[in-house]
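Below is one structure, written out as structure tokens, with a few remarks after it.
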2 protein chains.
Amino acid sequence: MFTGLSAFPLTPISASDVDEQGFSKIVARLVAARVDSMGILGSTGSYAYLTREQRKRIATLAKQLAGDIPVMVCVGAVSTDAILHLADDAQAAGANALLLPAVSYQSLRDDEVFALFETVTRHASVPVCIYDNPGTTHFTFTDELHGRLSSLEGVRSIKIPGVPDSPTAAAERVNVLRHQLRPGVTIGISGDAYAGLGLNAGCEVWYSVCGGLFPEMAKQITEAAAAKDHERVTALSTRLEPLWALFRKHGGSIRVIAAAAGVLGLTDTDCLPRPLQPLSANDIADIARVISALELK
Amino acid sequence: MFTGLSAFPLTPISASDVDEQGFSKIVARLVAARVDSMGILGSTGSYAYLTREQRKRIATLAKQLAGDIPVMVCVGAVSTDAILHLADDAQAAGANALLLPAVSYQSLRDDEVFALFETVTRHASVPVCIYDNPGTTHFTFTDELHGRLSSLEGVRSIKIPGVPDSPTAAAERVNVLRHQLRPGVTIGISGDAYAGLGLNAGCEVWYSVCGGLFPEMAKQITEAAAAKDHERVTALSTRLEPLWALFRKHGGSIRVIAAAAGVLGLTDTDCLPRPLQPLSANDIADIARVISALELK
């Protein structure tokens with residue numbers, strides 16, 4: 001399940017709770033598009049803002065809707081105890097894999113992160129994907145640590161936060177990392193603006209936020225990558241530059257994707273967990289124009 | 001209560017749960033030393049690693065032990081909903097004030113942090129202290145934002161993370177901030193190595209981690225500051241340089257203070273919440289030597 005398009009849906013939040021109806025509509029689009037897998041409760045899935053109970057309900061709902069599409073559940077938390085409880089809940093809900101970030105409050109040392117992954121992989125009976133996301137977790141994985149972690153039997157993939165800006169440098173970066181890894185552990189690109197570069201550089205999977213809302217468009221890109229049609233991958237992802245520009249403008253993808261889900265009528269345009277606030281009406285109108293111009297649906 | 005020595009005790013964690021006996025021993029020292037207030041469940045109090053239930057129990061226990069010493073409870077969390085529940089719990093336990101950091105997962109904008117403080121101060125019936133700790137929360141307050149926040153009726157103090165290294169620059173920094181604040185809102189220094197500089201620069205309170213374990217020593221410093229004996233403040237805090245060196249070496253105070261609590265026999269030397277790991281036996285022996293050389297008790 002750690003290849004192709006792994007779509008990361010938003011978890012919309014209403015004033016008081018998770019918007020299960022909106023979430024179901026979003027997941028239904030992923031099922032219809034036959035994405036290769038789903039990564040629920042990722043960063044855009046707002047795991048960090050939800051209670052254990054809410055996360056359990058969303059995992060259960062995703063599995064009910066996903067049919068035979070594998071579901072990976074993020075079990076990120078600050079404390080190891082909380083992570084183990086979340087892993088139990090995710091597995092009880094039927095998760096096919098766990099996504100594990102190194103969320104820090106006090107800064108973490110490499111040996112602490114290694115011990116965390118050792119504990120979780122020993123505890124869990126499903127495979128684990130390393131979630132390398134320094135922008136939100138404030139922990140930076142070295143390639144050496146990725147290598148050590150990939151030696152753990154349960155570790156099967158790494159979600160990396162991006163690649164350098166040129167095709168040559170991106171290929172070099174993916175190669176250097178791959179040489180550290182146990183064979184069979186896949187490398188997945190995230191940071192949607194890097195998807196084309198990452199896939200052309202040899203990443204086997206796209207852990208995709210915009211694929212969580214616009215799966216048809218994202219699937220065209222991963223299918224072109226699977227066919228090794230580098231030019232088409234580049235053309236399709238370059239075409240989406242106005243979307244990447246919105247992500248940059250709004251400090252990441254979540255506020256844009258939440259607004260876009262509202263523009264599509266799947267949720268309210270105010271569907272972010274507080275303290276996050278929705279974008280302004282003007283910004284939402286800009287997003288609607290980009291969606292329309294790019295014919296995203 | 002937002003003046004003098006506010007002692008921030010460690011919450012020791014055993015293999016499976018909070019070590020209430022160890023916590024009680026630590027708090028008993030603060031009561032015996034007659035600290036001016038306590039700040040429980042701060043960063044060294046490991047709030048970020050504990051469940052809502054654990055935080056409720058620790059707040060209740062602290063109030064039982066504190067007698068007439070005011071207790072401030074940190075209610076930090078990523079989501080606003082969680083913070084409001086924690087505020088309710090803290091108030092039900094008898095908290096005299098709340099300490100509120102801007103914990104970020106997705107990066108926060110100033111207007112989001114303002115709305116958070118507005119919501120919490122409106123919800124709470126006890127005063128709130130702003131917890132400015134960019135090293136763990138990854139949100140940086142501007143002086144302008146501190147000024148806006150200080151206009152909220154419930155805000156009564158700001159815990160700042162440090163001051164520049166020279167007495168002149170420190171005084172200038174505290175003055176610049178003070179000019180932004182509503183009169184009566186106090187400024188508290190934290191980052192123990194800056195305590196002498198901060199107090200001499202006009203901070204009215206020391207939010208003190210080492211005061212949470214060594215209250216007698218910390219109280220000498222705040223009493224010298226209250227007597228405006230700048231030279232004695234400087235001498236007493238400079239004397240502690242070997243302790244500050246340990247904090248720097250181990251990436252902050254928590255690992256050192258946890259080991260020190262073990263050295264004093266108050267807790268096990270392994271009393272950090274996982275994924276944090278205890279320091280090595282050699283490092284703990286170094287810490288024991290510094291405690292002995294400085295005659296800390």
Side-chain angles (χ1 to χ4, degrees), chain A residues 13 15-18 42-44 46-52 54 76-85 100-120 133-139 250-255 258 272-280, chain B residues 13 15-18 42-44 46-52 54 76-85 100-120 133-139 250-255 258 272-280:
Chain A
I13 315 285
S16 57
D17 204 349
V18 292
S43 292
T44 308
S46 286
Y47 77 85
Y49 298 84
L50 301 180
T51 64
R52 180 177 171 189
Q54 288 172 323
V78 172
S79 97
T80 302
D81 276 354
I83 292 167
L84 295 178
H85 289 307
L100 180 56
V103 183
S104 66
Y105 182 78
Q106 301 288 345
S107 61
L108 293 171
R109 301 179 315 205
D110 283 8
D111 58 345
E112 292 172 333
V113 171
F114 184 80
L116 169 65
F117 275 83
E118 201 174 32
T119 302
V120 175
N133 189 356
T136 54
T137 65
H138 305 285
F139 177 79
H250 297 296
S253 52
I254 190 170
R255 290 179 179 84
L272 289 169
R274 296 289 178 271
L276 305 182
Q277 300 274 351
L279 296 179
S280 69
Chain B
I13 315 285
S16 58
D17 206 347
V18 292
S43 292
T44 308
S46 285
Y47 77 84
Y49 299 84
L50 301 180
T51 65
R52 181 177 170 188
Q54 288 171 323
V78 172
S79 96
T80 302
D81 276 355
I83 291 167
L84 296 178
H85 288 308
L100 180 57
V103 182
S104 67
Y105 182 77
Q106 301 288 346
S107 60
L108 293 172
R109 301 179 314 204
D110 284 8
D111 58 345
E112 292 172 333
V113 171
F114 184 80
L116 169 66
F117 275 82
E118 201 174 33
T119 301
V120 174
N133 189 356
T136 55
T137 66
H138 306 285
F139 178 79
H250 297 296
S253 52
I254 190 169
R255 290 179 179 83
L272 289 169
R274 297 288 178 274
L276 305 182
Q277 301 274 349
L279 296 179
S280 70

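A note on names: the letters A, B, ... follow the listed sequences, proteins ahead of strands, and every chain is numbered from 1. Here the structure is a predicted model, which is why all the values come from computation and not from measurement. Both backbone and side-chain heavy atoms feed into the values below; hydrogens, waters and symmetry mates do not.
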Would you mind checking which part of A:Arg255 comes under 4.5 Å of any heavy atom in chain B, side chain (CB onward), backbone (N, CA, C, O), both or neither? side chain
A:Asn133 versus chain B, the contacting section by heavy-atom distance below 4.5 Å: side chain
Show the numbers, then the answer: is there a side-chain contact (heavy atoms from CB on, under 4.5 Å) between B:His138 and B:Ser107? CA-CA 8 Å; B:His138 306 285; B:Ser107 60; over 6 Å; no
Please state whether the side chain, the backbone, both or neither of A:Pro101 comes within less than 4.5 Å of a heavy atom of chain B. neither
Relative to chain B, which segment of A:Pro273 carries a heavy atom at a distance below 4.5 Å: side chain, backbone, both, or neither? neither
Looking at B:Gln106, is its backbone amide N or carbonyl O close enough to the side chain of A:Thr136 to form a donor-acceptor pair, meaning the two atoms are under 3.5 Å apart? no
A:Arg274 side chain near B:Asp81 side chain, heavy-atom distance below 4.5 Å: no
Given that the side chain runs from C-beta out, which part of A:Tyr47 has a heavy atom under 4.5 Å from chain B: side chain, backbone, both or neither? side chain
Would you check if B:Pro275 and B:Tyr49 make a side-chain contact, meaning some heavy-atom pair closer than 4.5 Å? yes
Looking at A:Leu108, A:Thr51, A:Leu276, which makes the most heavy-atom pairs under 4.5 Å with chain B? A:Leu276
Should A:Ile13 and A:Leu272 count as side-chain neighbours, where that means a heavy-atom distance under 4.5 Å? no
Per-residue contact mode, A:Ala82 against chain B (heavy atom under 4.5 angstrom): neither
Minimum-distance pair of heavy atoms, taken over all atoms of B:Gln54 and B:Val18: NE2-N, 4.1 Å
